[in-house]
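Order of the sequence lines sets the chain letters (A, B, ...), proteins ahead of strands, with each chain counted from 1.
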Protein chains: 2
Amino acid sequence: MYWGDCMARRLQGAERCDCDVIHEDVVNSVKDKMPQEEILYDLAEFFKIFGDSTRIKILWALDESEMCVCDISVLLNMTQSAVSHQLRILKQADLVKSRKEGKIVYYSLLDEHIRQIFDQGLSHTIEEN
Amino acid sequence: MYWGDCMARRLQGAERCDCDVIHEDVVNSVKDKMPQEEILYDLAEFFKIFGDSTRIKILWALDESEMCVCDISVLLNMTQSAVSHQLRILKQADLVKSRKEGKIVYYSLLDEHIRQIFDQGLSHTIEEN
DNA sequence: TGAACGCTTGAATAAATGTTCAAGTATTCA
DNA sequence: TGAATACTTGAACATTTATTCAAGCGTTCA
């Protein structure tokens with residue numbers, strides 16, 4: 001059962017696993033405790049959002065104050081287009097919301113604990129030095 | 001002073017900023033509070049490590065138990081090579097350490113609060129549903 | 001109405017990233 | 001010593017990703 005994928009392929013001669021199982025007990029027990037594939041995938045997708053300095057800057061800025069696209073693009077010295085593309089990604093990830101006032105679109109944080117997430121990351125980064 | 005980069009370019013006709021400044025006061029005050037460029041860059045680099053499901057899985061596994069490369073590759077149904085490449089990235093980021101015992105290399109977590117970081121990410125992911 | 005402004009969008013481009021492949025190193029053991 | 005095992009490494013490849021460019025949409029205001 002446990003070796004469903006891997007062993008099945010081995011029997012088919014696919015040689016997906018290019019090594020012998022050394023600590024079968026450890027692997028089995030870890031496999032039992034591992035969360036669903038999908039959960040870990042979503043988790044990675046979530047952190048991917050924070051893995052770009054432009055988006056980090058935008059989130060940091062919006063944590064200080066609601067801002068329009070133009071303001072952000074001036075602040076970061078980027079084109080409105082580039083900023084707008086990143087804002088779309090942040091919005092799709094439910095990290096940011098927008099409201100329209102005439103021609104101007106104001107963006108602000110949707111998630112309250114973004115600062116907490118930053119702090120967690122910073123505490124590691126600082127530890128290194 | 002504040003507009004050093006942006007305004008200088010505008011005067012040179014470079015048109016880097018394709019908009020007028022709408023809320024100069026907001027942009028200035030946010031600019032004051034923004035951390036150093038390098039800090040935000042490092043922060044993004046840190047989260048980038050967690051932005052890949054293979055690395056998330058490896059970290060999760062190592063949080064359960066110390067494992068050798070072969071064990072991990074069987075657990076995740078990947079080649080040793082692919083796992084080894086990712087372990088190198090995790091090691092360079094000081095998230096993982098290794099010890100050698102004969103032919104076998106055992107990897108384990110170097111950072112104690114990886115689970116905390118996961119939990120923070122998960123709490124957001126779960127909120128969505 | 002039409003020009004100007006703020007923003008968005010899709011396609012194109014360049015850069016970064018993950019995995020594979022084919023070699024390599026280091027260690028064990030017969 | 002030499003074959004086998006565990007792992008590493010660099011180059012190649014395919015995929016993803018961020019930014020740019022050019023065009024478009026929606027709103028305001030003269």
Side-chain angles (χ1 to χ4, degrees), chain A residues 9 14-23 26-27 40-41 44-45 47-58 66-93 96-107, chain B residues 9 14-24 26-27 40-41 44-45 47-59 66-93 96-107:
Chain A
R9 290 182 200 220
E15 271 311 327
R16 181 101 204 87
C17 317
D18 54 357
C19 60
D20 296 332
V21 180
I22 299 188
H23 307 95
V26 173
V27 177
L40 297 178
Y41 180 83
E45 289 301 304
F47 284 120
K48 206 171 279 181
I49 304 287
F50 293 88
D52 176 79
S53 58
T54 297
R55 286 192 293 267
I56 288 274
K57 287 177 197 167
I58 291 175
E66 176 187 68
M67 295 177 95
C68 68
V69 179
C70 176
D71 287 346
I72 300 172
S73 70
V74 171
L75 175 71
L76 305 184
N77 192 34
M78 295 177 63
T79 62
Q80 281 190 49
S81 177
V83 171
S84 182
H85 277 297
Q86 296 302 340
L87 283 168
R88 189 170 49 81
I89 292 172
L90 292 173
K91 201 171 178 182
Q92 283 173 348
V96 143
K97 65 175 183 283
S98 65
R99 71 183 173 84
K100 197 165 185 179
E101 203 171 274
K103 292 184 289 185
I104 304 173
V105 179
Y106 292 95
Y107 281 87
Chain B
R9 290 181 200 221
E15 271 311 328
R16 180 98 205 89
C17 317
D18 54 356
C19 60
D20 296 332
V21 180
I22 299 188
H23 306 95
E24 200 164 339
V26 173
V27 177
L40 297 178
Y41 180 82
E45 289 301 305
F47 284 120
K48 206 173 280 183
I49 304 286
F50 293 88
D52 176 79
S53 59
T54 297
R55 287 192 293 268
I56 288 274
K57 286 176 195 166
I58 291 176
L59 289 171
E66 176 187 67
M67 295 178 94
C68 68
V69 179
C70 177
D71 287 346
I72 299 172
S73 70
V74 170
L75 175 70
L76 305 184
N77 191 33
M78 295 177 67
T79 62
Q80 282 190 48
S81 176
V83 170
S84 181
H85 278 298
Q86 296 301 342
L87 283 169
R88 189 170 49 81
I89 292 173
L90 293 173
K91 201 171 179 181
Q92 283 174 348
V96 143
K97 66 175 182 287
S98 65
R99 72 184 172 85
K100 197 165 185 179
E101 205 171 273
K103 292 182 290 185
I104 303 173
V105 179
Y106 292 95
Y107 281 87

Query - Separation of C:dG18 C1' from B:Q92 CD (nearest whole Å) - result: 15 Å
Report task. Find the distance B:L90:CG to C:dT17:P and express it as a whole number of Å. Result -> 14 Å
Requested in this report: Let me know the distance between CZ of B:F50 and P of C:dT17, rounded to the nearest Å.
Outcome: 16 Å
Query - Nucleotide D:dG10, atom P - distance to CD1 of B:I89 in whole Å - result: 13 Å
Query raised in the report: Can you tell me how far P of D:dA18 sits from NZ of B:K48, to the nearest Å?
Result: 8 Å
Report summary line: With sequence neighbours left out, the residues meeting side chain to side chain donor-acceptor pair (under 3.5 Å) with B:Q92 are none
**Report entry** D:dT20 OP1/OP2 closer than 4.0 Å to side-chain N/O of A:T79
**Finding:** yes
Query raised in the report: Whole-Å distance between D:dT17 P and A:Q86 CD?
Result: 11 Å
Query raised in the report: For B:I49 and C:dG18, what is the distance between atoms CD1 and C1' respectively, to the nearest whole Å?
Result: 13 Å
Report summary line: Within residues 51-59 of chain B, the residues having a heavy atom closer than 4.0 Å to DNA chain D are none
Query raised in the report: Is B:I22 touching bases, backbone alone, or none of the nucleic acid, heavy atoms closer than 4.0 Å?
Result: sugar-phosphate
Requested in this report: Kindly assign one of parallel, tilted or perpendicular to the pair B:H23 and A:Y106, based on the angle between their ring planes and the thresholds 30° and 60°.
Outcome: tilted
For residues 50-57 of chain B, tabulate all N or O donor-acceptor pairs below 3.5 Å that involve a side-chain atom, not counting sequence neighbours.
from: B:D52; atom 1: OD2; to: B:T54; atom 2: N; distance (Å): 3.1
from: B:D52; atom 1: OD2; to: B:R55; atom 2: N; distance (Å): 3.2
from: B:R55; atom 1: NE; to: B:I49; atom 2: O; distance (Å): 2.7
from: B:R55; atom 1: NH1; to: B:Q86; atom 2: OE1; distance (Å): 2.8
from: B:R55; atom 1: NH2; to: B:K48; atom 2: O; distance (Å): 3.2
from: B:K57; atom 1: NZ; to: A:E37; atom 2: OE1; distance (Å): 3.4
from: B:K57; atom 1: NZ; to: A:E37; atom 2: OE2; distance (Å): 2.9

**Report entry** Contact letters for nucleotides 23-30 of chain C, in which S counts primed atoms plus P, OP1 and OP2 and B counts the base, heavy atoms under 4.0 Å
**Finding:** ---SBS--
Query raised in the report: For B:D71 and D:dC7, what is the distance between atoms CG and C1' respectively, to the nearest whole Å?
Result: 13 Å
Requested in this report: Drop me the distance from B:I22's CD1 to A:C70's SG, to the nearest 0.5 angstrom.
Outcome: 4.5 Å
Report summary line: Residues at least two apart in sequence or cross-chain that pass side-chain contact (heavy atoms from CB on, under 4.5 Å) with B:K103, listed by chain then number, are none
Query raised in the report: Do any side-chain nitrogens or oxygens of B:Y107 fall under 4.0 Å of OP1 or OP2 in D:dT8?
Result: yes
Report summary line: 5'-most contact on DNA chain D (nearest-nucleotide basis), B:C68 vs A:E45, goes to B:C68
Query - Contact check, side chains of B:M67 and B:I58, non-hydrogen atoms, under 4.5 Å - result: no
Requested in this report: Identify, with sequence neighbours excluded, every residue that meets side chain to side chain donor-acceptor pair (under 3.5 Å) alongside B:K91.
Outcome: B:S98
Between the protein and nucleotides 10-15 of chain C, list the N/O to N/O atom pairs that are separated by less than 3.5 angstrom.
from: C:dG10; atom 1: O6; to: A:H85; atom 2: NE2; distance (Å): 2.8

Requested in this report: Identify the two heavy atoms, one from B:V27 and one from A:L75, that lie closest to each other, and give their separation to 0.1 Å.
Outcome: O-CD1, 3.9 Å
Query raised in the report: Does anything in residues 66-90 of chain A pair up under salt bridge (charged side-chain N to carboxylate O under 4.0 Å, His left out), and if so which pairs, sequence neighbours excluded?
Result: A:E66-A:R99
